[in-house]
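Small disclaimer: the values here were computed from a predicted structure and weren't measured. Order of the sequence lines fixes the chain letters, A, B, ..., with proteins taken first and strands second; residue numbering starts at 1 for each chain. Atoms considered below: every heavy atom in the structure, side chains included; atoms not considered: hydrogens, waters and symmetry mates.
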2 protein chains.
Amino acid sequence: MDEVFKALADASRRSLLDRLHARNGQTLNELCEGLAMTRQAVTKHLAILEQANLVTTFKHGREKLHYLNPVPIHQIGERWIRKFERAKLVALGELKRQLEERDE
Amino acid sequence: MDEVFKALADASRRSLLDRLHARNGQTLNELCEGLAMTRQAVTKHLAILEQANLVTTFKHGREKLHYLNPVPIHQIGERWIRKFERAKLVALGELKRQLEERDE
DNA sequence: TTGACATGCAACCATTTGGTTGCCTATTGT
DNA sequence: ACAATAGGCAACCAAATGGTTGCATGTCAA
């Protein structure tokens with residue numbers, strides 16, 4: 001779980017996920033196109049995404065194909081974000097009131 | 001948006017959000033209790049959460065009260081996670097098939 | 001079979017990050 | 001008034017991060 005959050009913390013990595021979301025199964029070189037980064041930098045980012053299980057790869061000849069795995073993202077939605085969404089309605093309305101209570 | 005992801009990337013900070021979710025409006029010292037960290041370290045984490053707009057603070061005498069703001073978390077759920085949830089059903093089923101297509 | 005292409009590996013570098021310590025300021029209770 | 005309490009500020013530090021360059025390896029196509 002921590003690895004997923006860490007992986008998502010970087011904008012370049014999120015944009016790689018976006019690219020795979022737009023077209024799944026791209027090679028390393030395809031994913032490098034148009035990025036202001038060396039291939040090796042992209043490799044490192046993809047390795048981090050792979051270790052967080054956000055991306056799965058398959059070797060196909062001399063190419064490496066990258067596939068998006070949306071499951072961990074979904075889990076963060078379920079296990080983490082939903083918990084705080086319940087608080088959403090209560091929070092801001094209560095805010096002032098709780099503060100004023102302390103003033104008595 | 002990037003600031004929110006960065007803020008959520010650290011486990012200590014997520015646990016601070018958890019604590020505020022359990023009981024809103026805690027002081028700095030309250031939030032420090034039981035943590036294996038100095039007060040100043042916690043201050044820094046809270047500053048990052050505040051800058052990401054995940055936490056709002058109010059001065060009340062010599063105390064500083066911290067309130068959870070669940071809105072940015074909710075936005076990540078809406079704007080980011082949902083997008084990938086649609087891919088979830090398709091992805092893993094397609095995975096092998098797409099790979100095999102390339103073999104022709 | 002050999003050159004071009006796709007990727008891998010490793011060393012190196014600057015900056016950011018997460019933490020510390022030491023000291024200062026402001027508020028409060030007695 | 002003054003000691004204790006709550007918090008702020010700044011310098012410093014080690015380790016992690018995001019990137020680079022240089023070279024090695026494996027695979028394909030002519």
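Here the C1' atom of nucleotide C:dT16 and the CG atom of B:D2 are 13 Å apart, to the nearest Å. Note: CG (B:L31) to C1' (D:dG7) measures 13 Å, nearest angstrom. In this structure, NZ of B:K59 is placed 10 Å from C1' of C:dT25, rounded to the nearest angstrom. Atom P of nucleotide C:dC5 and atom CD of A:E33 are separated by 14 Å, given to the nearest angstrom. Atom NE2 in B:H66 sits about 12 Å away from atom C1' in D:dG8, given to the nearest Å. D:dA16 atom P lies 21 Å from atom CZ of A:F5, rounded to whole Å. Rounded to a whole Å, the CE atom of A:M37 is 17 Å from the P atom of D:dT17. If you take CG of A:L28 and C1' of C:dC9, they are 14 Å apart, rounded to a whole angstrom.
Positionally, the nearest nucleotide of DNA chain D for A:K6 lies more toward the 5' end than for the other of A:R39 and A:K6. When the nearest nucleotides of DNA chain C are assigned to B:T38 and A:K64 by heavy-atom distance, the more 5′-ward of the two goes with A:K64.
Taking the six-membered ring where the residue is Trp, the centroids of B:H21 and A:F84 are separated by under 6.0 Å.
Legend: residues meeting side-chain hydrogen bond (donor to acceptor under 3.5 Å, both in side chains) with B:R19, ordered by chain and number and at least two apart, are absent.
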Heteroatom pairs (N/O) under 3.5 angstrom, protein to nucleotides 26-30 of chain C:
residue : atom : partner : partner atom : Å
C:dT27  : O2   : B:R62   : NH1          : 3.1

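Proximity note for B:Q40 (side chain, C-beta onward) versus C:dT21, D:dA6, D:dT21: the nearest is C:dT21.
Residue B:A11 comes nearest to A:D2 through the heavy atom pair CB-OD1, 3.8 Å, listed as atom of the first residue, atom of the second, then distance. A:Y67 and A:L20 get closest at one heavy-atom pair: C-CD1, 4.4 Å. Taking all atoms of both residues into account, the shortest heavy-atom contact from A:G25 to A:E30 is O-OE1, 4.5 Å.
The side-chain contact (heavy atoms from CB on, under 4.5 Å) test with A:L68 is passed by exactly one of A:L49, A:L16, A:N24: A:N24.
Heavy atoms from other residues, nucleotides or ligands lying under 6.0 Å from CD of A:Q51 number 12 at most.
Looking only at atom types and distance, the side chain of A:T56 has no donor-acceptor partner in the side chain of A:E50 under 3.5 Å away.
Looking at residues 41-49 of chain B, you'll see B:A41, B:K44, B:H45 sit with a heavy atom under 4.0 Å from some atom of DNA chain C.
Counting only distance, with no hydrogens or angles, the side chain of A:R13 and the backbone of A:H45 share no donor-acceptor pair below 3.5 Å.
Remark: B:N29 is in phosphate contact with D:dG7, judged by side-chain N or O atoms under 4.0 Å from OP1 or OP2.
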